[in-house]
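For this chain, numbers begin at 1 and follow the sequence in order. Reckoned from all heavy atoms, side chains included, excluding hydrogens, waters and symmetry mates.
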Amino acid sequence: ETGGYYTKGDAGQAKYLIVAAQAADGYGDHTLANGTVAVLQVVGAVNVKQFGAVGDGDELDLAGSVDDTLAIQAAISYAESLVFPVAGVDPQGGIDIRIPSGNYVISSSLRLRKGNISIKGESMATILPNMPSISPSTCACFIIGTGEDWLASGTISDTIKYNSMSGLRFTRLGGESPIAIMLSGVRNFDLSRIHVERLWCGIWLENASETTFEQVSLIGATYGIIGD
């Protein structure tokens with residue numbers, strides 16, 4: 001058991017199981033000096049700080065802030081590994097992803113492609129997009145769902161559902177202006193306590209059904225909510 005991820009008390013403390021040499025992603029699992037691997041043991045919820053996210057973005061000056069994109073994506077991928085989609089059946093498994101209070105700089109879109117996962121910001125954790133340009137991989141802070149699948153099949157997924165997102169603030173300081181949240185080919189998605197400032201669009205709905213909004217605010221966005 002550790003006292004932190006980088007330093008003691010940084011909110012990244014976790015328990016690990018030491019196993020023989022195997023593949024390690026360097027975020028949740030780590031290869032030790034003796035060749036063994038420390039495998040993260042998640043209890044209760046996935047915490048992005050247990051995967052190396054720092055949340056030190058300076059809202060006045062992004063220079064010198066840590067880019068947390070890969071660490072947060074690693075936490076999402078870990079959560080996805082606990083969900084087992086079954087065609088025609090509600091997704092099995094699932095877990096919460098905690099984003100502790102802080103300012104998290106991202107430089108490309110974060111993707112969630114499985115159901116039964118809730119992303120929960122604490123104390124309105126802030127996402128600071130710093131996209132160098134707008135492209136399919138940087139068009140939104142979060143892309144929830146697999147729009148590629150419904151474009152190919154013509155139907156929305158029956159397994160990418162029962163997701164939610166709450167307690168997050170999005171604000172742009174530099175770079176291009178993306179969408180805050182894109183929901184693509186999903187159903188039964190709940191959004192609550194979301195605040196968006198100075199982004200091109202707050203929420204983009206792309207063939208998403210049975211979506212609910214509660215306490216969603218948008219300031220200085222070119223577009224608030226777009227339905228496609």
Side-chain angles (χ1 to χ4, degrees), residues 27 46-49 51-77 79-80 97-113 117-148 163-184 186 189 191-206 208 211 213 215-228:
Y27 293 97
V46 175
N47 178 350
V48 298
K49 291 206 168 186
F51 291 79
V54 177
D56 70 342
D58 185 339
E59 292 199 36
L60 298 179
D61 184 6
L62 289 180
S65 300
V66 173
D67 186 338
D68 287 318
T69 308
L70 295 180
I72 297 174
Q73 187 61 59
I76 293 173
S77 297
E80 289 177 326
I97 299 173
R98 293 176 51 224
I99 303 181
S101 177
N103 298 331
Y104 298 84
V105 176
I106 62 170
S107 57
S108 62
S109 299
L110 299 164
R111 297 292 305 263
L112 173 60
R113 298 178 173 88
I117 295 174
S118 296
I119 299 174
K120 297 182 176 182
E122 298 177 351
S123 301
M124 294 303 288
T126 297
I127 303 297
L128 299 172
N130 188 28
M131 313 299 197
S133 61
I134 295 299
S135 69
S137 64
T138 61
C139 64
C141 298
F142 284 93
I143 301 176
I144 314 295
T146 54
E148 302 90 340
N163 297 98
S164 67
M165 180 180 289
S166 62
L168 288 177
R169 171 176 171 258
F170 299 80
T171 186
R172 180 177 68 91
L173 303 178
E176 295 294 331
S177 183
I179 302 162
I181 304 164
M182 175 182 283
L183 304 179
S184 178
V186 301
F189 194 98
L191 276 172
S192 63
R193 296 186 298 111
I194 300 295
H195 181 73
V196 180
E197 300 175 13
R198 298 191 298 274
L199 269 67
W200 179 74
C201 175
I203 301 164
W204 186 296
L205 303 173
E206 189 174 68
T211 300
F213 303 89
Q215 298 182 49
V216 175
S217 59
L218 306 106
I219 298 175
T222 304
Y223 298 97
I225 301 174
I226 296 177
D228 182 3

Do the side chains of [Y] and [X] get nearer than 4.5 Å, heavy atoms only?
X	Y	result
P129	P178	yes
V196	I219	no
W200	I134	no

Whether the side chain of [X] engages the backbone of [Y] through a donor-acceptor N/O pair (distance < 3.5 Å, no angle test) should be reported.
X	Y	result
D56	V66	yes
T138	S108	no
S166	K120	no
N163	I117	yes
T126	N103	no

Query raised in the report: Any salt bridge between E197 and R169, counting N to O under 4.0 Å?
Result: yes

Query raised in the report: Should the pair R113-E80 be classified as a salt bridge under the 4.0 Å nitrogen-to-oxygen rule?
Result: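 Between E80 and R113 there is no salt bridge, as every charged N stays at least 4.0 Å from the carboxylate O atoms.
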
**Report entry** Qualifying residue, where the test is side-chain contact (heavy atoms from CB on, under 4.5 Å) with L110 and the options are D68, I72, I119
**Finding:** I72

Requested in this report: May I ask you to check whether over 12 heavy atoms, not counting those of Y223, lie within 6.0 Å of atom OH?
Outcome: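 Open: at most 12 neighbouring heavy atoms sit under 6.0 Å from OH of Y223.
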
Closest non-hydrogen atom pair between [X] and [Y], with its separation:
X	Y	answer
A180	G202	CB-O, 3.1 Å
S217	H195	OG-ND1, 2.5 Å
K49	P100	CG-CG, 4.0 Å

Say you draw a straight line from [atom1] of [X] to [atom2] of [Y]; how long is it, rounded to the nearest 0.5 Å?
X	Y	atom1	atom2	result
S109	I144	OG	CD1	10.5 Å
I194	I127	CD1	CD1	9.5 Å
L62	L128	CG	CG	6.0 Å
S65	Y104	OG	OH	13.0 Å
R111	I143	CZ	CD1	4.5 Å
E206	M182	CD	CE	5.0 Å

Report task. Report the C-alpha separation of I97 and V48 in whole Å, then their side-chain angles, then the decisive distance to 0.1 Å, and conclude whether the side-chain contact (heavy atoms from CB on, under 4.5 Å) test is met. Result -> CA-CA 7 Å; I97 299 173; V48 298; 3.9 Å; yes

Report task. Test side-chain contact (heavy atoms from CB on, under 4.5 Å) on M165 and I181 and set out the steps. Result -> CA-CA 10 Å; M165 180 180 289; I181 304 164; 3.5 Å; yes

Requested in this report: Verify whether one side chain among S101 and S123 offers a donor that lies under 3.5 Å from an acceptor in the other.
Outcome: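 Result is no, nothing qualifies.
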
Requested in this report: For the pair I106 and M131, evaluate side-chain contact (heavy atoms from CB on, under 4.5 Å) and give the outcome as yes or no after the intermediate values.
Outcome: CA-CA 7 Å; I106 62 170; M131 313 299 197; 4.2 Å; yes

Query raised in the report: Between S107 and D67, does a side chain to side chain donor-acceptor pair (under 3.5 Å) hold up when you go through it step by step?
Result: CA-CA 7 Å; S107 57; D67 186 338; 2.6 Å; yes

Query - side-chain contact (heavy atoms from CB on, under 4.5 Å) between F51 and L70, worked out - result: CA-CA 9 Å; F51 291 79; L70 295 180; over 6 Å; no

